[in-house]
Structure formats: C-alpha cells, structure tokens
Amino acid sequence: KAILIRQQLVKDHPDILKYASNLSSTYNGLAGVLSDHGKSDESIEIFKKAIRIKEQLVKEHPRVPMYASSLSSSYVDLAGTLRDHGHLDKAIEFFDNAILIKVQLVKDYPDVLEYAATLAISYKTLGMALVGLQEVDEAIHFYKKAILIEEQLVKDHPDIMEYASSLSSSYNDLAAALSDDKGKTDEAIEFYQKCIEIKEKLVKEQPDITEYAISLAKSFYNLGNTLARLRETDKAIESFQKCIEIKEQLVKEQPDITEY
C-alpha cells in the first residue's frame with residue numbers, strides 16, 4: 001500500500017523530488033525484506049526499480065551528495081543479494097559501481113566521515129566476493145585498501161568504537177585470506193595478532209557488549225588454526241585455550257544462549 005501511494009504521488013507531482021526519493025527508499029526496503037525471506041528473484045527486480053529512480057535523481061541533480069550516497073547504498077544492497085544467491089560475477093559489478101560513487105564522494109566531501117567509512121566497508125565486501133571466486137590476491141588488495149582507510153579513521157577518531165571494531169574485522173578478514181596462501185601465513189599471523197589486540201581492548205573497555213567477546217573468541221580460534229597448520233602446536237594450543245576461556249565465561253554469564 002505504501003508503494004501504491006508513493007507511486008501515485010510521483011505520478012501526480014514529478015517535480016517534487018522527495019516523493020521520488022521516498023518511493024525508491026520504499027522499494028529498497030521491500031527488496032531487503034524479500035531477500036531475507038529467500039525471494040531472491042523478486043528482491044533483485046525491486047532493487048533494480050529503486051536503483052533506476054536513484055540513478056535518475058543523481059543524473060538530474062549531480063551536486064546533491066545525498067542522492068549519490070543513497071544510490072551507492074542500493075548498489076551494495078543489490079550486490080549483497082546477488083552474492084548471497086550465488087551470482088558472484090554480477091555482484092562484483094554492482095560492488096564496483098558503488099565504489100566508484102563512494103570514491104568520488106570521499107574526494108568531494110573529505111570531512112564527511114560516513115563516506116570514508118562506507119567506502120572501506122565496500123572495499124571489504126568486494127574482497128569477500130572475490131574470495132568466493134577464488135581470486136584471493138585481488139581480494140587481499142581490496143582488504144588492504146579498506147584497512148588503509150580504517151586505520152586513518154581510528155587514528156583520527158580513537159573515541160569512536162565502531163571504527164576500531166570495523167578495523168579489527170578487516171584485519172581478521174585479511175588474515176583469513178592470507179592464511180589460504182601457504183607462502184603468506186606469517187603475514188596472516190601478524191594481522192590476526194593486530195586484530196586480537198584491538199578486540200581485547202574493545203572487550204576491556206566495553207565488557208557489556210558481548211559481540212566484542214564473541215568476535216575475540218573467533219579470532220583466537222582462527223589464529224589457533226593457522227598456527228596449527230604451521231605445526232606451532234604450543235602456540236596453537238595457547239590460542240585455542242584463550243578462545244575456550246572466553247566462551248566459558250559467556251556461557252557462565254548467559255547460560256540461556258545455546259549458541260555459546
């Protein structure tokens with residue numbers, strides 16, 4: 001019903017940009033819900049409807065950054081749906097489209113932190129898609145681009161925990177990609193350790209946020225696996241034990257959550 005009303009508003013008042021923008025946002029929201037419920041084909045078509053409107057808004061109003069930012073977000077959302085349903089090549093195309101817009105936004109509006117942060121996330125999600133295509137070297141390239149941005153954000157804004165958390169996740173993703181290459185395991189360990197250092201700090205400063213503890217446990221587990229493959233058994237055991245200690249504490253504090 002919301003879509004029908006907004007379609008009529010756009011039809012009756014094509015000069016009122018807010019109506020077109022609202023309709024595209026409604027399409028985007030509906031597409032996300034459909035994707036979450038496994039209706040990928042329908043979701044993709046609705047995402048494309050949102051994108052067509054947003055592309056027109058950007059074309060007609062290229063100096064309104066809000067429209068460009070919203071379009072890049074829809075490209076990312078569509079790319080994520082395509083990736084999740086196995087259409088990796090097509091997903092990468094839309095990730096690329098999003099990145100082109102975000103790079104320009106960062107260039108034009110360097111003081112808007114959101115643009116830099118979301119550009120880093122786009123680089124990271126593109127990296128994940130490339131890993132799915134077994135293009136690991138290319139994925140590593142984009143993980144490192146994300147890290148460069150996030151390291152600067154953390155340096156400039158050490159009080160914003162979200163930036164530190166995102167950086168630690170990027171270190172973890174890069175380490176995982178590096179660990180798949182037998183010649184880069186030492187570098188992988190280095191980035192797992194960087195990741196763990198940040199996550200330990202986050203857990204210490206925000207002990208009530210269980211997601212930080214869960215993430216830290218996973219990183220210790222990942223590091224342990226990498227060390228085990230290198231036959232550094234004592235170090236691997238130490239890392240696995242730290243993972244177990246965190247999980248035991250989580251179970252003790254929240255015994256009703258079975259996933260712990």
Side-chain angles (χ1 to χ4, degrees), residues 1-129 146 149-150 153 160 162-163 165-166 169 211:
K1 286 185 177 180
I3 286 175
L4 290 174
I5 293 168
R6 288 179 172 174
Q7 284 174 332
Q8 192 62 48
L9 285 169
V10 170
K11 182 179 179 181
D12 294 343
H13 306 280
D15 55 323
I16 300 179
L17 302 180
K18 182 174 74 171
Y19 293 157
S21 180
N22 287 343
L23 176 58
S24 69
S25 296
T26 304
Y27 279 141
N28 209 87
L30 173 59
V33 172
L34 290 167
S35 179
D36 290 342
H37 286 79
K39 298 180 179 181
S40 59
D41 290 341
E42 192 176 353
S43 170
I44 289 166
E45 289 307 309
I46 301 295
F47 271 131
K48 288 180 177 178
K49 286 186 176 183
I51 284 169
R52 281 194 290 272
I53 295 172
K54 293 181 180 186
E55 285 177 334
Q56 190 63 33
L57 286 169
V58 170
K59 182 179 179 181
E60 294 176 358
H61 306 278
R63 295 186 179 181
V64 181
M66 177 182 69
Y67 294 152
S69 178
S70 181
L71 174 59
S72 69
S73 295
S74 288
Y75 282 146
V76 169
D77 292 340
L78 174 55
T81 296
L82 289 163
R83 178 199 60 206
D84 293 344
H85 293 89
H87 306 293
L88 291 176
D89 287 331
K90 199 66 178 175
I92 286 171
E93 177 186 333
F94 283 102
F95 280 131
D96 283 338
N97 290 345
I99 285 169
L100 285 172
I101 294 171
K102 290 177 187 290
V103 166
Q104 191 62 47
L105 284 169
V106 170
K107 182 179 178 181
D108 293 342
Y109 304 95
D111 295 332
V112 180
L113 301 181
E114 177 190 352
Y115 296 156
T118 57
L119 174 58
I121 291 169
S122 293
Y123 281 141
K124 187 160 37 178
T125 49
L126 175 56
M128 292 175 187
I149 295 169
E150 291 177 330
L153 286 170
I160 300 179
E162 289 81 1
Y163 295 158
S165 178
S166 187
S169 295
E211 288 81 2

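Nearest heavy atom pair, residue Ala98 against residue Val76, reads CB-CG2, 3.5 Å. Pairing each heavy atom of Ala20 with each of Ile53, the nearest pair is O-CG2, 3.4 Å. Residues Phe95 and Ala129 share a closest heavy-atom pair of CE1-CB, 4.0 Å. In terms of heavy-atom proximity, Ala120 sits nearest to Ala146 at O-CB, 3.3 Å.
Among residues two or more places apart in sequence or in another chain, the ring pair (Phe, Tyr, Trp, His ring centres under 6.0 Å) test is passed with His13 by Tyr19. For Asp108, the side chain to side chain contact (heavy atoms under 4.5 Å, CB included) partners are Gln104, not counting sequence neighbours. For Glu42, the side chain to side chain contact (heavy atoms under 4.5 Å, CB included) partners at least two apart in sequence or on another chain are Leu34, Lys39.
With a 4.5 Å cut-off on side-chain heavy atoms, Arg83 and Lys90 do not count as touching.
A donor-acceptor pair shorter than 3.5 Å cannot be found between the side chains of Glu114 and Tyr109. There is a side-chain donor-acceptor pair under 3.5 Å between Ser70 and Lys54.
To the nearest 0.5 Å, the span separating CG on Asp96 from OG on Ser122 amounts to 10.5 Å. Note: Ile149 CD1 to Leu119 CG = 4.0 Å, rounded to the nearest 0.5 Å. Atom CD1 of Ile99 sits about 13.0 Å away from atom CG of Leu105, to the nearest 0.5 Å. Atom OG of Ser74 sits about 14.5 Å away from atom NZ of Lys49, to the nearest 0.5 Å. Note that the OH atom of Tyr123 and the CE atom of Met128 stand 15.5 Å from one another [nearest 0.5 Å]. Distance CD1/Ile51 to CG/Asn97: 8.5 Å, rounded to 0.5 Å.
Ser21 contributes no side-chain N or O that, together with a main-chain N or O of Leu17, makes up a donor-acceptor pair within less than 3.5 Å. Panel note: side chain Thr26, backbone Asn22; a donor-acceptor pair is recorded below 3.5 Å. Between the side chain of His85 and the main chain of Thr81, a donor-acceptor pair closer than 3.5 Å is present. Judged purely by atom type and a 3.5 angstrom limit, Ser24 has no side-chain atom pairing as donor or acceptor with the backbone of Ala50.
Classification of the Tyr75-Phe94 ring pair by plane angle, with boundaries at 30° and 60°, yields tilted.
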Query raised in the report: Checking side chain to side chain contact (heavy atoms under 4.5 Å, CB included) for the pair Ser165/Glu211: CA distance, chi angles, key distance, verdict?
Result: CA-CA 10 Å; Ser165 178; Glu211 288 81 2; over 6 Å; no

Report task. Go through the steps for Tyr27 and Gln7 under the test side chain to side chain donor-acceptor pair (under 3.5 Å), then give the verdict. Result -> CA-CA 10 Å; Tyr27 279 141; Gln7 284 174 332; 2.7 Å; yes

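A salt bridge does not link Arg52 with Glu55: none of the charged nitrogens is closer than 4.0 Å to a carboxylate oxygen.
Considering Asn28, Leu30, Leu82 as possible partners of Phe47, the one that fulfils the side-chain contact (heavy atoms from CB on, under 4.5 Å) test is Asn28.
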